[in-house]
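Working notes, beginning with the structure itself.
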Amino acid sequence: MKLDGVNKIAIVGTGMIGASFATLFIGNGYDTVMYAINEEQRQVGFNWVNNNYADLIEKGLVTAEQAEICKKHLTITLSYEDLADADFVYECVFENKDVKYEIYANIDKYCTKVRGISSTSSAMDTDLLCQGFEKYKDLFAVAHPWNPPHLVPCVEIVKGSHTSDEALAFICELLESVGRAPVVMTKSVPGFVANRLQHALYREAAYMVEQNIASPQDIDRALMTSFVPRYTNVGIFEHFDYAGLDMIKSIEETLYPDLCVTKEPHDLVLSHYNKGELGPKSDNKQGVLDWTDVDMNVFRQREAEPYLKFFNWSIPEE
Ligand SMILES: NC(=O)c1ccc[n+]([C@@H]2O[C@H](COP(=O)([O-])OP(=O)(O)OC[C@H]3O[C@@H](n4cnc5c(N)ncnc54)[C@H](O)[C@@H]3O)[C@@H](O)[C@H]2O)c1
């Protein structure tokens, strides 16, 4: 449901992430203006949004008529002046501090009504990025999405030392209003929250392969058929409380001394990396797994499918 008093969303950058957020905001009825650096990038933005909607139609999540209504809420401009009355600005450009600072100077200069500003940065910290603002340091927080943000709910929001409680609350409410699940971090750490969890899991998975405990295929099978499905419905703290912390303590006493604690990339990863075996994108289609006979379209559909259950937009009616 649209937030009262929010009339315009601005997105700077027309690449994969910017266009995905535009898809999401217009899909929930927000008038959205994207800023493109040139005419070519303007067309790139329209192409991304059109492709995203074609994909949503194919998945049966929106109808062709609904897609047309949503797209009426989008404009793509080459002029910062068109961002002047935006309530929220989402910076979604290259992962380069100086480029981001250049954009923040323009937000300072042109945006007069803004109540919250975020960056989708994958690695840069709120306190570092907010140095690019003269005027609006208190309105800014990194809000790191998972790709594609129009389908994956989690957005990790990093409160900086200048971020006001009011701006933080506004950013969270706005993202909730388009069906996202904001996760607030009160300090910045590499990997934010979700990638730390994912890589802690991969650290142990790769270690078990190195130790000949099980094959990558069997470890993947264990992952997909044991605890992972549960965690799209309940959280790990919920489940471990439910299991009983006496049992958890006893398992930790036995298990923790045996778990991988490497601080370096694994030999497993390095051995493939050094041979140029980076996964399906490599010419020989090798990674830890053999990708030679994998249909990548089918694989991409398998990756997206679990997120479809989160589709919860308030699609506009006009
Ligand atoms: N790709 C991912 O999976 C992913 C996931 C989460 C976060 N992110 C973050 O999102 C941001 C964007 O990533 P992306 O994958 O969309 O990149 P992308 O390469 O698809 O798009 C980058 C955009 O930045 C624009 N740009 C560059 N310089 C500009 C300038 N001076 N003014 C205005 N626009 C400018 C480009 O025109 C392009 O539209 C990055 O900070 C990235 O770390 C990416």
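Ligands are counted one by one from 1 in listed order, and the atoms in each one are counted from 1 as well. Since the structure is predicted, the reported quantities are computational estimates derived from the model, not experimental observations.
For ligand 1, the polar-atom distance check against Met16 finds a nitrogen or oxygen pair separated by under 3.5 Å. The shortest N/O to N/O separation between Ile17 and ligand 1 falls below 3.5 Å. At under 3.5 Å, not a single nitrogen or oxygen of Tyr35, backbone or side chain, sits near a nitrogen or oxygen of ligand 1. Polar contact check, Gly13 against ligand 1: no nitrogen or oxygen pair lies under 3.5 Å apart. Among the atoms of Tyr80, none of the N or O lies under 3.5 angstrom from an N or O of ligand 1. The shortest N/O to N/O separation between Ile103 and ligand 1 does not fall below 3.5 Å. The shortest N or O to N or O distance between His144 and ligand 1 is not under 3.5 Å.
When Gln41, Met124, Glu102 are ranked by how near their heavy atoms come to atom 39 (O) of ligand 1, first place goes to Gln41.
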**Asked** Does the ring pair (Phe, Tyr, Trp, His ring centres under 6.0 Å) test come out yes or no for Tyr104 and Phe140, once each step is laid out?
**Response** CA-CA 10 Å; Tyr104 302 162; Phe140 178 76; 5.4 Å; yes
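Using a 4.0 Å cutoff on heavy atoms, Glu91 does not count as a contact of ligand 1.
Taking the charged nitrogens against the carboxylate oxygens, Lys285 and Asp293 have no contact shorter than 4.0 Å, which rules out a salt bridge.
Between the side chains of Asn7 and Lys2, no donor N or O sits under 3.5 Å from an acceptor N or O.
In this structure, the side chains of Asp246 and Ser250 stay at 4.5 Å or more apart for every pair of heavy atoms. Side chains of Lys100 and Glu95 form a contact here, defined as non-hydrogen atoms less than 4.5 Å apart.
Remark: minimum distance from atom 6 (C) of ligand 1 to any protein heavy atom is reached at Pro145 O, 3.4 Å. At the top of the distance list for atom 10 (O) of ligand 1, counting protein heavy atoms only, stands Thr120 OG1, 2.9 Å.
Close contacts of ligand 1 with Thr14, meaning ligand atoms under 4.0 Å from a residue heavy atom, involve 39 (O).
Using bins of under 30°, 30° to 60° and over 60° for the plane-to-plane angle, the ring pair Tyr90/Phe25 lands in the perpendicular bin.
Heavy atoms of Ser122 found under 4.0 angstrom from ligand 1 belong to the backbone as well as the side chain.
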